[in-house]
Amino acid sequence: MTTAFNLDIHNAGIDGKILASLERVSQAFRVLLWNESKEYSLSPIQVQVLVFLLHHAAPMRKVSYLADEFNITRASISDTIKSLERKALIYKEVIQNDTRSFVMHLTPKGMALAKRISLFANHILSPIEQMSESEKESFLFNLLNIIHYLNKAGIITIQRMCFTCQHYQHGKNKNSHYCKLLNTRLSEKDLRIDCPEHIMSSE
């Protein structure tokens with residue numbers, strides 16, 4: 001079986017070079033995340049959970065949702081939640097009429113920390129900001145297609161992107177996008193990867 005990590009393969013064509021480049025960017029993300037976690041005496045998943053809680057609504061701040069979001073077991077995410085509770089960074093709110101379920105909230109201390117650590121990926125953002133608008137739009141569209149494929153393959157379990165939303169509609173032209181919720185056409189730069197109004201399509 002051939003592999004894009006084989007230098008003869010990935011140096012011979014652009015496909016392998018793109019895959020290797022994505023792996024390097026992923027590695028950079030992991031390094032930045034790890035450095036941030038060490039600075040604040042947190043684990044990488046604890047950093048990710050704090051940032052997620054900062055930016056997402058209550059229905060997503062449950063153990064079951066977080067386990068699917070980060071592709072880890074409920075037991076692992078429960079351990080993460082307990083650790084963040086001990087550090088007084090989050091607290092639980094029991095859901096009415098269901099004492100077995102609860103929603104996580106950031107404490108003031110947790111919110112202040114989450115705002116600081118959420119900047120860890122800015123080093124990756126900087127070169128993106130140097131692209132032209134047309135380069136950004138093309139880059140975004142291609143990344144969305146890759147993520148959509150990985151989602152359909154069951155590798156990435158949760159996506160809140162336009163392509164998986166019941167409000168999204170595309171025309172015969174692959175670059176034609178429409179949001180039925182907003183009742184408007186979307187340009188490629190308007191396509192979202194994490195939309196708060198997302199409802200998973202049944203298709």
Side-chain angles (χ1 to χ4, degrees), residues 18-19 22-23 25-26 29-30 33 44-81 84 90 92-106 110-111 114 118 121 124-125 128 136-203:
I18 291 173
L19 178 62
L22 289 172
E23 194 276 334
V25 173
S26 174
F29 190 93
R30 291 194 302 270
L33 179 59
I45 187 60
Q46 288 172 1
V47 171
Q48 289 178 295
V49 167
L50 288 176
V51 173
F52 185 89
L53 295 180
L54 177 65
H55 294 290
H56 293 83
M60 303 178 194
R61 300 201 298 261
K62 300 177 182 178
V63 168
S64 58
Y65 196 98
L66 290 171
D68 289 339
E69 174 74 19
F70 296 108
N71 289 307
I72 60 178
T73 65
R74 292 192 183 190
S76 295
I77 202 69
S78 293
D79 289 342
T80 298
I81 295 303
L84 292 173
I90 67 170
K92 297 176 183 176
E93 177 190 2
V94 177
I95 298 175
Q96 290 185 347
N97 304 321
D98 187 0
T99 56
R100 295 173 301 175
S101 298
F102 53 86
V103 174
M104 271 78 66
H105 300 284
L106 294 170
M111 184 171 293
S118 63
I124 298 175
L125 184 62
I128 296 173
K136 290 177 185 178
E137 289 182 22
S138 177
F139 190 41
L140 172 62
F141 184 70
N142 287 310
L143 287 174
L144 286 172
N145 276 323
I146 292 172
I147 294 167
H148 189 207
Y149 173 88
L150 294 173
N151 177 239
K152 289 196 297 183
I155 298 170
I156 301 175
T157 54
I158 288 185
Q159 283 306 313
R160 294 174 295 276
M161 62 193 297
C162 290
F163 293 170
T164 62
C165 182
Q166 72 176 29
H167 299 308
Y168 172 77
Q169 184 177 10
H170 60 83
K172 295 180 180 179
N173 183 336
K174 69 176 183 179
N175 295 324
S176 175
H177 315 286
Y178 189 83
C179 178
K180 291 181 285 185
L181 178 65
L182 300 177
N183 194 29
T184 186
R185 291 189 178 279
L186 304 173
S187 66
E188 290 186 353
K189 67 179 180 181
D190 295 324
L191 294 173
R192 295 182 178 183
I193 194 168
D194 193 343
C195 179
E197 285 82 32
H198 180 275
I199 298 177
M200 182 62 71
S201 171
S202 58
E203 296 181 1

Worksheet item: Between His55 and Asp194, does a side-chain contact (heavy atoms from CB on, under 4.5 Å) hold up when you go through it step by step?
Response: CA-CA 10 Å; His55 294 290; Asp194 193 343; over 6 Å; no

Calculate, to the nearest 0.5 Å, the distance between atoms [atom1] and [atom2] belonging to [X] and [Y] respectively.
{"X": "Leu66", "Y": "Asn71", "atom1": "CG", "atom2": "CG", "answer": "12.0 Å"}
{"X": "Tyr178", "Y": "Thr184", "atom1": "OH", "atom2": "OG1", "answer": "6.5 Å"}
{"X": "Leu53", "Y": "Gln48", "atom1": "CG", "atom2": "CD", "answer": "12.0 Å"}
{"X": "Thr80", "Y": "Ile77", "atom1": "OG1", "atom2": "CD1", "answer": "4.5 Å"}
{"X": "Thr73", "Y": "Asp68", "atom1": "OG1", "atom2": "CG", "answer": "11.0 Å"}

Exercise: identify the closest heavy-atom pair between [X] and [Y]:
{"X": "Arg160", "Y": "Glu69", "value": "NH1-OE1, 2.8 Å"}
{"X": "Leu144", "Y": "Arg192", "value": "CD2-O, 4.2 Å"}
{"X": "Ile199", "Y": "His167", "value": "CD1-NE2, 3.7 Å"}
{"X": "Asn142", "Y": "Ser138", "value": "ND2-O, 2.9 Å"}
{"X": "Ala58", "Y": "Lys62", "value": "O-CG, 4.3 Å"}
{"X": "Tyr168", "Y": "Lys180", "value": "O-CE, 4.3 Å"}

Worksheet item: Does the side-chain contact (heavy atoms from CB on, under 4.5 Å) test come out yes or no for Met104 and Val63, once each step is laid out?
Response: CA-CA 8 Å; Met104 271 78 66; Val63 168; 4.3 Å; yes

Got a sec, which residues hit ring pair (Phe, Tyr, Trp, His ring centres under 6.0 Å) with [X], two or more places apart in sequence or on another chain?
{"X": "His56", "answer": "Phe52"}
{"X": "His198", "answer": "none"}
{"X": "Phe29", "answer": "Phe120"}
{"X": "His105", "answer": "Tyr91"}

Pairwise side-chain contact, [X] with [Y], heavy-atom cut-off 4.5 Å (strictly under):
{"X": "Leu191", "Y": "Phe163", "answer": "yes"}
{"X": "Val49", "Y": "Ile90", "answer": "no"}
{"X": "Tyr149", "Y": "Ile155", "answer": "no"}

Item to complete: Assign the ring pair Phe141 / His177 to parallel, tilted or perpendicular, where the plane angle (0 to 90°) is split at 30° and 60°.
Response: tilted

Worksheet item: Who pairs with Phe139 by side chain to side chain contact (heavy atoms under 4.5 Å, CB included), at least two apart in sequence or on another chain?
Response: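 Phe139: side chain to side chain contact (heavy atoms under 4.5 Å, CB included) contacts with Met131, Leu143.
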
Discussion item. Can you list everything that forms a side chain to side chain contact (heavy atoms under 4.5 Å, CB included) with Leu54? Sequence neighbours excluded, please.
Written reply: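 Checked Leu54 against side chain to side chain contact (heavy atoms under 4.5 Å, CB included); matches are Leu106, Met111, Ala114, Lys115, Ser118.
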
Practice prompt. Mind running side-chain contact (heavy atoms from CB on, under 4.5 Å) on Phe102 and Glu93 for me, showing each step along the way?
Written response: CA-CA 5 Å; Phe102 53 86; Glu93 177 190 2; 5.9 Å; no

Practice prompt. For atom NZ of Lys189, decide whether the heavy atoms of other residues, nucleotides or ligands shown that lie under 6.0 angstrom number more than 12.
Written response: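 Count not over threshold, so no.
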
Item to complete: Go through His148 and Met161 one step at a time and tell me if the side-chain contact (heavy atoms from CB on, under 4.5 Å) criterion holds.
Response: CA-CA 8 Å; His148 189 207; Met161 62 193 297; 4.1 Å; yes

Discussion item. Can you confirm whether the side chains of Asp190 and Ser187 place a donor and an acceptor under 3.5 Å from each other?
Written reply: yes

Fill in: Donor-acceptor pair between Ser26 and Arg30 side chains, under 3.5 angstrom
yes

Item to complete: Using atom types as modelled and distance alone, determine if a side-chain donor or acceptor of Arg61 lies under 3.5 Å from a backbone N or O of Val103.
Response: no

